[in-house]
A.B. asks: 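Here it is, the structure in full.
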Amino acid sequence: MKRIPILSLLAGWAILAGATHAIAQGNGNSPGITQVIALDECDPVSFDAVLGPDYCKNVTLGAFTTLPVLSAGAEAGTPDPGWDFEPDQVTIKEGTVVSAVNQGGEPHTFTEVKAFGNGFVPPLNPGSATSAIPECSGGFGSVAVAKTRILQGSHLDITGLSKGKHLFQCCIHPWMRMEVDVK
Ligand SMILES: [Cu+2]
C-alpha cells in the first residue's frame with residue numbers, strides 16, 4: 001500500500017482553502033478585489049540583446065514579437081495588440097481594490113492618467129515622440145512613475161478610487177490602456 005505523505009495532503013488543503021477565500025471576497029457586502037491583467041509577448045533574444053540579460057522572461061511559449069518589430073509598429077501608430085491590459089473597461093463598487101497583475105514577460109506600469117498619451121520611451125510612442133504626458137514624464141527617474149511599476153509576476157493594488165471614471169495606462173507602452181468606472 002502506498003502512503004500519501006501528510007505534507008502533500010496539507011498543501012492540497014491549503015490551496016483549496018485559499019481558493020475558497022478568494023471567491024468569498026467578491027461576495028456579500030465586501031466590495032472585494034477586481035483583477036486587471038497586463039500581457040505582452042516580448043521576445044527574449046532581441047529584448048535582452050538591447051535591454052540586458054533576463055529583461056524579458058519567456059512566458060509566451062513561442063508567441064512573441066521582437067523588439068525591432070514592436071518599436072516599428074508603435075512608431076507607425078499600429079502598436080502590437082499583444083501588449084494589453086485586460087479587461088479594457090471594468091465597473092466596480094466604491095472600495096473595491098483594483099489589482100493590476102503582470103502576467104507578461106517584461107515590466108509595465110499601471111499609471112493613473114488624466115488623459116491617455118505618450119509614454120517615456122520615445123521609440124514606443126507614435127512618431128517616436130519625445131514628449132510624455134505629465135504622469136509618465138521623467139520615467140523611472142521619477143518616484144511618482146517608478147512606484148506605478150509592475151514587474152513580471154508581481155501585482156500593484158490600487159485602493160481608494162473615488163466615484164467616477166479613472167484612466168490607467170502603461171508609461172512604457174502607451175497603447176496599453178484601460179478604464180475603471182467606480183459606482
Ligand atoms: Cu507596458
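Order of appearance sets the numbers: ligands from 1, and atoms from 1 within every ligand.
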A.B. asks: Taking the side chain as C-beta and beyond, is there a heavy-atom pair between L161 and E94 under 4.5 Å?
C.D. replies: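 Side-chain contact under 4.5 Å: no.
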A.B. asks: Is the H108 ring parallel, tilted or perpendicular to the F85 ring (thresholds 30°, 60°)?
C.D. replies: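 Aromatic pair H108/F85 classed perpendicular.
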A.B. asks: Angle at the Cu ion (ligand 1), ND1 of H108 to SG of C170, rounded to 10 degrees, please.
C.D. replies: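 With the Cu ion (ligand 1) as the vertex, ND1 (H108) and SG (C170) sit 140° apart.
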A.B. asks: Is it true that a side-chain atom of S71 and a backbone atom of P68 form a donor plus acceptor pair closer than 3.5 Å?
C.D. replies: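 Checking the backbone N and O of P68 against the side chain of S71, no donor-acceptor pair under 3.5 Å is found.
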A.B. asks: Using only N, O or S atoms, tell me which atom of H173 is closest to the Cu ion (ligand 1).
C.D. replies: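 Going through the N, O and S atoms of H173 one by one, ND1 ends up nearest to the Cu ion (ligand 1).
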A.B. asks: Is there side-chain contact between K163 and K183, with at least one heavy-atom pair below 4.5 Å?
C.D. replies: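 Contact flag for K163/K183 side chains = no.
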A.B. asks: Give a yes/no answer: is there an N/O/S atom of C171 under 2.8 Å from the Cu ion (ligand 1)?
C.D. replies: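 Here the distance criterion (N, O or S atom, under 2.8 Å) is not met by C171, so no.
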